[in-house]
Amino acid sequence: MRYDLVIFDNDGVLVDSEPISNRLLAGFLTELGHPTSYEDSLRDYMGGAMHRVHDLVMERTGRRLPDDFDEVFHQRVFAAFERELEPVPGVVGVLEKLAGDEVAYCVASSGSHERIGVGHRRTGLDRWFEDERIFSSQDVGRGKPAPDLFLYAAARMGVAPERCAVVEDSPLGVQAAVAAGMDVYGFTAMTPAEKLAGATRLFADMGELADLLRG
């Protein structure tokens, strides 16, 4: 393996949550008087932390979202996760190969620790990710596209940035990984390849990833 640490994004890379959460986010924003389509939500918010939603709405409309916006949104998302969420096809096989090769891995997500935990328990991925392998934008001052989260995860895992590979499916995540000085593998299952053009490599099938990482 050419890397000492593989850092996974969570939503859309480990768990197939992006369709669920962006459908609900678009609906909730529209309900609050900020018309947003599913495609708008993917374009503007996919891969970002919740503060990005607040910042963009404020910037575009001059209006703040309700104080309980995050709480209500997460209640809706978690309820939907319990009904619908599945692991990304092929990702368990990737984790098995990394473990078999004794390559360190972790998750670094814009989502909260609670969101990561709910998704992993629902999908069974919690057996692969102990608490010390889980990092959230809650742990740092700035979320993606800033490099802070990836640099924090690498430091906590004791690996230099240049020895890390990041697996991402959003433009914001690719930007963050590049800014952190890490190789980044862009997963194009949901995101058009041209939007992940800054990635080191692009791939569309999670089953291909382990061989790509081996170089």
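Residue Leu151 comes nearest to Pro161 through the heavy atom pair CD2-CG, 3.8 Å, listed as atom of the first residue, atom of the second, then distance. Nearest heavy atoms, Val15 versus Gly119: CG1-O, 4.1 Å.
Using a 4.5 Å heavy-atom cutoff, the side chains of Phe150 and Phe135 are not in contact. Contact of the His113 side chain with the Asp139 side chain is registered, since non-hydrogen atoms from C-beta on lie closer than 4.5 Å. Under the 4.5 Å side-chain criterion, counting only non-hydrogen atoms from C-beta, Leu95 is in contact with Phe129. Using a 4.5 Å heavy-atom cutoff, the side chains of Leu29 and Val57 are in contact. A 4.5 Å side-chain heavy-atom check between Phe69 and Val53 finds at least one atom pair inside the cut-off. Under the 4.5 Å side-chain criterion, counting only non-hydrogen atoms from C-beta, Arg115 is in contact with Ser21.
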Determine all donor-acceptor pairs shorter than 3.5 Å in which one atom belongs to a side chain in residues 201-215; sequence neighbours excluded.
{"from": "Asp205", "atom 1": "OD1", "to": "Gly207", "atom 2": "N", "distance (Å)": "2.8"}
{"from": "Asp211", "atom 1": "OD1", "to": "Arg214", "atom 2": "NH1", "distance (Å)": "3.4"}
{"from": "Arg214", "atom 1": "NE", "to": "Asp101", "atom 2": "OD2", "distance (Å)": "3.1"}
{"from": "Arg214", "atom 1": "NH2", "to": "Asp101", "atom 2": "OD2", "distance (Å)": "2.8"}

Quiz: residues 103-111 side-chain donor-acceptor pairs under 3.5 angstrom, not counting sequence neighbours:
{"from": "Tyr105", "atom 1": "OH", "to": "Trp128", "atom 2": "O", "distance (Å)": "2.8"}
{"from": "Ser109", "atom 1": "OG", "to": "Gly111", "atom 2": "N", "distance (Å)": "2.9"}
{"from": "Ser110", "atom 1": "OG", "to": "Gly47", "atom 2": "O", "distance (Å)": "2.7"}

I'd like a table of donor-acceptor pairs (distance under 3.5 Å, sequence neighbours excluded) in which one partner is a side-chain atom from residues 2-10, with atom names and distances.
{"from": "Arg2", "atom 1": "NH1", "to": "Tyr185", "atom 2": "OH", "distance (Å)": "3.4"}
{"from": "Tyr3", "atom 1": "OH", "to": "Asp183", "atom 2": "OD2", "distance (Å)": "2.6"}
{"from": "Tyr3", "atom 1": "OH", "to": "Tyr185", "atom 2": "OH", "distance (Å)": "2.8"}
{"from": "Asp4", "atom 1": "OD1", "to": "Arg163", "atom 2": "NH2", "distance (Å)": "3.4"}
{"from": "Asp4", "atom 1": "OD2", "to": "Arg163", "atom 2": "NE", "distance (Å)": "2.9"}
{"from": "Asp9", "atom 1": "OD1", "to": "Lys144", "atom 2": "NZ", "distance (Å)": "3.0"}
{"from": "Asn10", "atom 1": "OD1", "to": "His120", "atom 2": "NE2", "distance (Å)": "2.8"}

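In this structure, Leu32 CG and Phe73 CZ are separated by 11.5 Å, a value rounded to the nearest 0.5 Å. Put simply, CD1 on Ile20 and CZ on Arg83 are 8.5 Å apart, with the number rounded to the nearest 0.5 Å. To the nearest 0.5 Å, the span separating CE on Met46 from CD on Glu39 amounts to 13.0 Å. For the atom pair Lys195 NZ and Leu172 CG, the distance stands at 11.0 Å (nearest 0.5 Å).
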Determine whether Thr36 and Arg43 satisfy the following criterion, side-chain contact (heavy atoms from CB on, under 4.5 Å), listing intermediate values before the conclusion. CA-CA 11 Å; Thr36 305; Arg43 181 194 66 224; over 6 Å; no
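No single ILVMFWY cluster, assembled from side-chain heavy atoms under 4.5 Å apart, contains both Leu149 and Ile134. Put simply, Leu196 and Val91 are part of two different groups of oily side chains (I, L, V, M, F, W, Y) that touch within less than 4.5 Å, one to the next. One hydrophobic cluster, built from ILVMFWY side chains closer than 4.5 Å, cannot hold both Leu56 and Leu42; they sit in different ones. A single hydrophobic cluster is not seen to contain both Met58 and Phe28; linkage of ILVMFWY side chains at heavy-atom distances under 4.5 Å, directly or through other members, places them apart. Hydrophobic clustering, with ILVMFWY side chains joined whenever heavy atoms are under 4.5 angstrom apart, keeps Tyr152 apart from Ile116.
Legend: side-chain hydrogen bond (donor to acceptor under 3.5 Å, both in side chains) pairs involving residues 24-35, not counting sequence neighbours, sorted by first then second residue: Glu31-Arg76. Legend: side-chain hydrogen bond (donor to acceptor under 3.5 Å, both in side chains) pairs involving residues 61-72, not counting sequence neighbours, sorted by first then second residue: His54-Asp70.
For Asp148 and Arg142, the salt-bridge test passes: some basic side-chain N is under 4.0 Å from an acidic carboxylate O.
The only option from Glu84, Glu86, Glu82 that meets the salt bridge (Lys or Arg N to Asp or Glu O under 4.0 Å) definition with Arg122 turns out to be Glu86.
With hydrogens and angles ignored, the 3.5 Å screen pairs a side-chain donor or acceptor of Ser170 with a backbone N or O of Gly173. For Thr200 (side chain) and Val184 (main-chain N/O), a donor-acceptor pair under 3.5 Å exists by modelled atom type. With hydrogens and angles ignored, the 3.5 Å screen pairs no side-chain donor or acceptor of Asp16 with any backbone N or O of Gly12.
Below 30°, between 30° and 60°, or above 60°: for His74 and Phe78 the angle between ring planes is below 30°, a parallel geometry.
The side-chain hydrogen bond (donor to acceptor under 3.5 Å, both in side chains) check on Arg133 picks up Glu130, with sequence neighbours excluded.
Residues Thr191 and Asp169 have side chains that never bring a donor and an acceptor to within less than 3.5 angstrom of each other.
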